Amino acid sequence: MMLHITNGDSVANKLRQGVVQGEIMAWREIYTVGPVFRNMAERGNRETRARYLERRLGIPQADYLKIEEQEQILRDLKKYNEIVLWFEYDLFDQTMLCYLLHCLAKLALGDTKVSLLCIGDYPGVEPFYGLGQLTAEQLMALSGTWQSVGARELELASRMWKAYTSPLPEQHIRFLQEDTSALPFVKKAFEAHLSRIPSVHNGLGIIEQTTLETVRDGEYGPHALFGQVGDKLHMLGMGDLEFWQHLKNMSKEPYPLLLIQGLEAFPDFSSAVPAFAHCRITLTALGRKVLAGEEDYLSLKGIDEWYGGLHLEGRSIPWRWDTCRNELSRVIF
């Protein structure tokens, strides 16, 4: 018997159309948002994360805590002959993949084989954003092309997860200096993770920077803006609810970078806001100054955000992302 674990319901539902044999499970998490911990099963860690996701994305704590049910499946894998993981190249997927491999590395699986299908492109699909783009027939063509996961892959995934969840910036920096060839998409994904941290140039992370650059020459509706920014930052694998939270922060007083006309409320997991689609988004005068590097947004507004296990708060954090060197640098104030 086989178990297929996918990066979400879209792919899982297509696999259920006779694409593969065996059981199919969609892994439901979003490790790119909020606090994450090396031990995600520890009750206190899980409850801290549940509170954050409810506050930021509107995911009810009771719904999030059901994740324990899917993690229970990981503790009972010996009944399967093979476990196949279906993932792609972006940060959203690579964090999920490394977490799962980190968990599998700690289990005594006996004769159960672990296999991985992880791609960054597909013939004839341009641009390629992920497995969810593919038809059931295209996914069927991938069936059986997965590769066996061995000790090198498991060990690297554990190192990535430990670095990603570390509260110490030095651990994140050190990981990028290591050999990551066993999982070819991990390094670029980890760089994308760190690029979300405020930059040395103007205190904006890559999401805020790209949003302001996109809006600079005109006004946008929210969905068109998300489409543009998401395309440019496809390495993040960012979802719309995550992006709405960035828009919310960037338009909030004091020191708003964006003006959102017609705004009633932002959609979240629990509530749709139909009128939100008709909002118009433009840059404020401050947004233009920050984009030009004339003001440092972090120094003005401060920060209270999680980037993996890194919790950055205050107005004078000592670590910034250097976009020219593609590295996390210590800043002297």
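For the single chain, residues carry numbers from 1 onward in sequence order. Please read these numbers as outputs of a predicted model, since none were measured by experiment. The figures here come from the full heavy-atom set of this structure, side chains too, leaving out hydrogens, waters and symmetry mates.
In this structure, the side chain of Gln228 does not engage the main chain of Leu225 through any donor-acceptor pair within 3.5 Å. Using a distance-only test at 3.5 Å, with no hydrogens or angles considered, a donor-acceptor pair links the side chain of Gln245 to the main chain of Arg56. Of the possible donor and acceptor atoms, none in the side chain of Arg28 sits under 3.5 Å from a partner among the backbone N and O of Gln70. A donor-acceptor pair under 3.5 Å is absent between the side-chain atoms of Gln209 and the main chain of Leu204, judged by distance alone. In this structure a side-chain-to-backbone donor-acceptor pair under 3.5 Å is present from Thr95 to Leu91. In this structure, the side chain of Arg320 engages the main chain of Ser199 through a donor-acceptor pair within 3.5 Å. For Trp161 (side chain) and Arg38 (main-chain N/O), a donor-acceptor pair under 3.5 Å exists by modelled atom type. Remark: side-chain polar atoms of Ser143 are not paired, donor with acceptor, to backbone N or O of Met140 under 3.5 angstrom. Using modelled atom types, no side-chain atom of Asn7 and backbone atom of Phe87 make a donor-acceptor pair closer than 3.5 Å. Of the possible donor and acceptor atoms, none in the side chain of Glu295 sits under 3.5 Å from a partner among the backbone N and O of Lys289.
Between Asp322 and Ser329, the shortest heavy-atom distance links the atoms CB-OG, 3.7 Å. The nearest pair of heavy atoms linking Ala136 to Gln17 is CB-OE1, 3.5 Å. Contact record, Phe226 with Asp240: CZ-N, 3.5 Å, taken as the closest heavy-atom pair. When all heavy atoms of Pro198 and Leu298 are compared, the pair lying nearest together is CB-CD2, 4.1 Å. When all heavy atoms of His4 and Leu15 are compared, the pair lying nearest together is CB-CD1, 4.5 Å. In terms of heavy-atom proximity, Pro60 sits nearest to Ser270 at CD-OG, 3.6 Å.
When side chains are defined from C-beta on, Ile59 does not count as touching Glu54, because their heavy atoms never get closer than 4.5 Å. A 4.5 Å side-chain heavy-atom check between Leu286 and Leu300 finds at least one atom pair inside the cut-off. A heavy-atom distance below 4.5 Å is found between the side chains of Glu29 and Arg49. Contact check for Ile260 versus Phe266: side-chain heavy atoms found under the 4.5 Å cut-off. Looking only at side-chain heavy atoms (C-beta outward), Glu305 and Asn249 come within less than 4.5 Å of each other. In this structure the side chain of Tyr64 reaches within 4.5 angstrom of the side chain of Arg46, judged on heavy atoms. Proximity of Val229 to Met238: side-chain heavy atoms (C-beta onward) are separated by under 4.5 Å at one or more points. Between Leu77 and Leu104, some side-chain heavy-atom pair lies under the 4.5 Å cut-off.
Once rounded to the nearest 0.5 Å, the distance linking CG of Asp90 with CG of Leu236 reads 8.0 Å. The distance from the OG1 atom of Thr112 to the CG atom of Asn81 is 7.0 Å, given to the nearest 0.5 Å. Rounded to the nearest 0.5 angstrom, Ile303 CD1 and Tyr297 OH are separated by 9.5 Å. Atom CG of Leu117 sits about 5.5 Å away from atom CH2 of Trp86, to the nearest 0.5 Å. The line from CD1 of Ile173 to CG of Leu194 is 8.0 Å long, rounded to the nearest 0.5 Å. Going from atom CD1 of Ile73 over to atom CG of Leu3 covers 7.0 Å, rounded to the nearest 0.5 Å.
Taking Phe175 as the reference, Leu156, Arg159, Met160, Ala163, Glu178, Thr180, Val186, Phe190 meet the side-chain contact (heavy atoms from CB on, under 4.5 Å) condition, with sequence neighbours excluded. Residues forming a side-chain contact (heavy atoms from CB on, under 4.5 Å) with Glu313 (at least two apart in sequence, or on another chain): Asp304, His311.
The hydrophobic clustering, which links ILVMFWY residues whose side-chain heavy atoms are closer than 4.5 Å, places Leu241 and Ile281 together. Hydrophobic clustering (side-chain heavy atoms under 4.5 Å, transitive across Ile, Leu, Val, Met, Phe, Trp, Tyr) keeps Val84 apart from Leu109. The hydrophobic clustering, which links ILVMFWY residues whose side-chain heavy atoms are closer than 4.5 Å, places Met96 and Met25 together. Linking Ile, Leu, Val, Met, Phe, Trp and Tyr residues whenever their side-chain heavy atoms come within less than 4.5 Å leaves Phe185 and Leu116 in two separate clusters. Val11 is connected to Trp146 through a chain of hydrophobic side-chain contacts under 4.5 Å among Ile, Leu, Val, Met, Phe, Trp and Tyr, so both are in one cluster.
Gln21 CD: 12 or fewer foreign heavy atoms inside a 6.0 Å radius. Within a 6.0 Å sphere centred on NZ of Lys248, other residues, nucleotides and ligands contribute 12 heavy atoms or fewer. A 6.0 Å sphere centred on CZ of Arg75 holds more than 12 heavy atoms belonging to other residues, nucleotides or ligands. More than 12 heavy atoms of other residues, nucleotides or ligands shown are found within 6.0 angstrom of CG on Asn39.
Side-chain contact, Asp231 with Tyr129: a donor N or O sits under 3.5 Å from an acceptor N or O. A side-chain N or O of Tyr80 and one of Glu23 form a donor-acceptor pair less than 3.5 Å apart. Side chains of Thr48 and Asn45: no donor on one and acceptor on the other come within 3.5 Å.
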Which is it for Leu101 and Leu85 under the side-chain contact (heavy atoms from CB on, under 4.5 Å) test, yes or no, and what are the steps along the way?
-> CA-CA 9 Å; Leu101 291 178; Leu85 306 173; 3.5 Å; yes

inquiry  = Apply salt bridge (Lys or Arg N to Asp or Glu O under 4.0 Å) to residues Glu170 and Arg330 and explain how you reach the verdict.
reply    = CA-CA 10 Å; Glu170 295 87 352; Arg330 183 183 286 274; 3.7 Å; yes

task: For side-chain contact (heavy atoms from CB on, under 4.5 Å), just list the numbers for Leu142 and Leu131, CA-CA rounded to whole Å, side-chain angles, deciding distance to a tenth of an Å, and then say yes or no.
output: CA-CA 10 Å; Leu142 293 173; Leu131 295 167; 4.1 Å; yes

- Verify side-chain contact (heavy atoms from CB on, under 4.5 Å) between Asn13 and Arg16, making sure each step is shown before the conclusion. CA-CA 5 Å; Asn13 290 336; Arg16 293 188 181 105; 2.8 Å; yes

Take Gln171 and Lys162, measure what side-chain contact (heavy atoms from CB on, under 4.5 Å) needs, and give me the verdict at the end.
-> CA-CA 8 Å; Gln171 297 282 354; Lys162 290 173 184 176; over 6 Å; no

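Taking the six-membered ring where the residue is Trp, Phe276 and Trp244 present perpendicular rings, their angle passing 60° and hence far from 30°.
Tested against His193 for a ring-ring contact (aromatic ring centres under 6.0 Å, His included), the candidates Trp321, Tyr164, Tyr31 yield a single pass: Tyr164.
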